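Everything quoted here is computed from the prediction, not taken from an experiment. Numbered from 1 within each chain, the chains take letters A, B, ... in sequence-line order.
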There are 2 protein chains.
Amino acid sequence: MNAQAQVLKGHLDVLLLATLEAGPRHGYAVKEALREGSGGRFDLPTGTIYPALHRLAGAGLIAGSWSTVDGRRRRTYRLTAAGQRRLHADRSNWHDFATAITALLETRPWPATS
Amino acid sequence: MNAQAQVLKGHLDVLLLATLEAGPRHGYAVKEALREGSGGRFDLPTGTIYPALHRLAGAGLIAGSWSTVDGRRRRTYRLTAAGQRRLHADRSNWHDFATAITALLETRPWPATS
DNA sequence: CACTCATAGCTAGGTTTGCTACCTATCAAC
DNA sequence: GTTGATAGGTAGCAAACCTAGCTATGAGTG
């Protein structure tokens with residue numbers, strides 16, 4: 001059973017891209033940025049974050065590179081040009097989407113029940 | 001390959017419940033209400049609508065009853081009390097969710113890249 | 001020293017969701 | 001007689017996110 005269920009509903013990718021817009025970050029920092037930036041609302045497990053970053057990297061939207069800091073390995077990601085484009089597109093799509101859903105949820109009354 | 005991809009991303013249920021708020025409708029009418037109410041943006045295939053309605057019925061959020069109109073069988077759905085409660089909750093969740101995402105996407109600049 | 005916690009990374013597998021692709025059937029229009 | 005809109009349905013795939021588990025380091029506490 002799923003206590004909490006899919007909090008981000010398909011909008012995780014945009015958010016990940018957005019956290020990288022200001023500059024490169026490693027995975028854990030992305031997770032923290034999302035948590036802090038949302039006031040704790042989006043505190044995602046690493047099992048969500050890392051696979052998603054791999055997915056974005058596989059799609060060429062971000063690029064990762066290994067480094068070692070204090071004997072701790074880190075994988076730092078940066079936005080690629082394609083990622084930047086995707087972010088812009090997704091941001092605009094989000095606005096359209098949110099507007100459409102909000103409008104539908106506020107439609108009152110709905111067109112006549114035939 | 002998915003040309004259009006999961007347009008509703010987990011928010012389908014609220015919309016279906018919302019279309020039934022004003023009164024009972026049969027499945028096809030729900031589909032049309034969604035299409036018209038969104039200006040054509042959410043023109044979902046019946047393969048999305050019907051299974052979703054079955055799912056909601058199975059969860060006790062809507063209740064369906066068969067009838068026959070002009071020799072054509074129809075299954076008319078109405079919101080249950082639980083469905084009404086769920087709709088109210090989901091509507092409020094949507095607003096919080098949308099606000100949070102929008103805020104994150106507009107966060108510029110993001111908290112310092114460590 | 002032993003332990004825990006925050007940091008940092010990872011994977012396997014399951015469930016849910018929405019979609020494609022298909023099927024049946026009636027009625028109206030051409 | 002065939003098409004298109006209406007009306008219902010299913011099987012099965014793919015993606016997405018989550019749970020649950022794993023390794024490892026460094027700092028702080030007992």
Side-chain angles (χ1 to χ4, degrees), chain A residues 1-17 24-36 41-59 61-62 64-77 90 97 101 114, chain B residues 1-17 19 24-36 38 41-59 61-62 64-77 90 97 101 114:
Chain A
M1 224 49 71
N2 229 346
Q4 189 170 359
Q6 318 272 116
V7 260
L8 283 170
K9 313 191 176 202
H11 304 286
L12 174 59
D13 290 8
V14 220
L15 294 183
L16 295 180
L17 294 175
R25 270 174 213 273
H26 61 278
Y28 199 83
V30 167
K31 169 183 147 65
E32 290 303 289
L34 217 49
R35 187 175 60 76
E36 283 161 28
R41 199 180 197 289
F42 300 142
D43 189 5
L44 307 174
T46 63
T48 293
I49 300 285
Y50 292 122
L53 289 172
H54 296 336
R55 190 160 31 85
L56 292 174
L61 301 175
I62 63 179
S65 58
W66 284 105
S67 59
T68 305
V69 179
D70 295 323
R72 221 184 247 139
R73 58 182 190 148
R74 283 186 178 173
R75 187 159 195 171
T76 302
Y77 292 98
D90 281 358
F97 176 77
I101 301 276
S114 54
Chain B
M1 221 51 71
N2 228 347
Q4 193 170 357
Q6 317 271 116
V7 261
L8 284 170
K9 318 191 172 192
H11 304 287
L12 174 59
D13 290 8
V14 220
L15 295 184
L16 295 180
L17 294 175
T19 60
R25 269 174 213 275
H26 60 278
Y28 199 84
V30 167
K31 169 183 149 62
E32 289 303 288
L34 217 47
R35 187 175 60 78
E36 283 161 27
S38 67
R41 198 180 197 287
F42 300 141
D43 189 5
L44 307 174
T46 63
T48 293
I49 300 286
Y50 292 123
L53 289 172
H54 295 336
R55 189 161 30 85
L56 292 174
L61 301 175
I62 62 179
S65 58
W66 284 105
S67 60
T68 304
V69 178
D70 294 322
R72 220 183 247 139
R73 58 182 191 150
R74 283 186 177 171
R75 188 162 195 169
T76 301
Y77 292 99
D90 281 358
F97 176 77
I101 300 275
S114 55

Query raised in the report: To the nearest angstrom, how far is L8(B) atom CG from dT17(C) atom C1'?
Result: 11 Å

Report task. Return the value, rounded to whole Å, for the distance between atom CZ of R25(B) and atom P of dG8(D). Result -> 13 Å

Report task. Identify the heavy atoms of A33(A) and R25(A) that sit nearest to each other, and give their distance. Result -> CB-NH1, 3.7 Å

Query raised in the report: How many Å lie between OH on Y28(A) and P on dT7(C), as a whole number?
Result: 4 Å

Query - Nearest-angstrom distance from the residue atom NZ of K9(B) to C1' of dG18(C) - result: 11 Å

Query raised in the report: dA15(D) C1' sits how many Å from H11(A) NE2, rounded?
Result: 14 Å

Pairs under 3.5 Å (N/O, protein and nucleotides 28-30 of chain C):
none

Query - side-chain N/O R75(A) vs dC10(C) OP1/OP2, d < 4.0 Å - result: yes

Query raised in the report: Counting only side-chain N and O atoms of R73(B), is one of them less than 4.0 Å from OP1 or OP2 of dG8(D)?
Result: no

Query - Residue list, side chain to side chain contact (heavy atoms under 4.5 Å, CB included) with A57(B), at least two apart or on another chain - result: I62(B), Y77(B)

Query raised in the report: Can you name the salt bridge (Lys or Arg N to Asp or Glu O under 4.0 Å) partners of R72(A), sequence neighbours left out?
Result: none

Query raised in the report: Between G27(B) and I49(B), which heavy-atom pair has the shortest distance, and what is it?
Result: O-CG2, 4.0 Å

Requested in this report: Round to a whole Å and report the spacing from CG of L15(A) to P of dC17(D).
Outcome: 10 Å

Query - Results of side chain to side chain donor-acceptor pair (under 3.5 Å) for D90(B) - residues two or more places apart only - result: none

Query raised in the report: Going through the distances and angles, do F97(A) and R41(B) end up as a side-chain contact (heavy atoms from CB on, under 4.5 Å)?
Result: CA-CA 9 Å; F97(A) 176 77; R41(B) 198 180 197 287; 4.1 Å; yes

Report task. Go through the steps to decide whether D43(B) and K31(B) satisfy the test side-chain contact (heavy atoms from CB on, under 4.5 Å), and finish with yes or no. Result -> CA-CA 7 Å; D43(B) 189 5; K31(B) 169 183 149 62; 3.4 Å; yes

Query raised in the report: L44(B) side chain: which of dT7(C), dC17(D), dC19(C) is closest?
Result: dC19(C)

**Report entry** Nucleotide nearest R72(B) (side chain, heavy atoms from C-beta), chosen from dG26(D), dT26(C), dC10(C)
**Finding:** dT26(C)

Under 3.5 Å, which protein N or O atoms sit close to an N or O of nucleotides 10-14 of chain D? Give each pair with its distance.
residue : atom : partner : partner atom : Å
dT10(D) : OP2  : H54(B)  : NE2          : 3.4

Query raised in the report: In terms of the nearest nucleotide of DNA chain C, which residue is placed more toward the 5' end: G71(B) or D13(B)?
Result: D13(B)

Query raised in the report: Would you call L44(B) and L12(B) a side-chain contact if the rule is heavy atoms closer than 4.5 Å?
Result: yes

**Report entry** Separation of atom CD in E32(B) from atom P in dA7(D), rounded to whole Å
**Finding:** 8 Å

Query raised in the report: Between dA7(D) atom P and I49(B) atom CD1, what is the distance in whole Å?
Result: 14 Å

**Report entry** For R55(B), all residues meeting side chain to side chain donor-acceptor pair (under 3.5 Å), sequence neighbours excluded
**Finding:** D13(B)

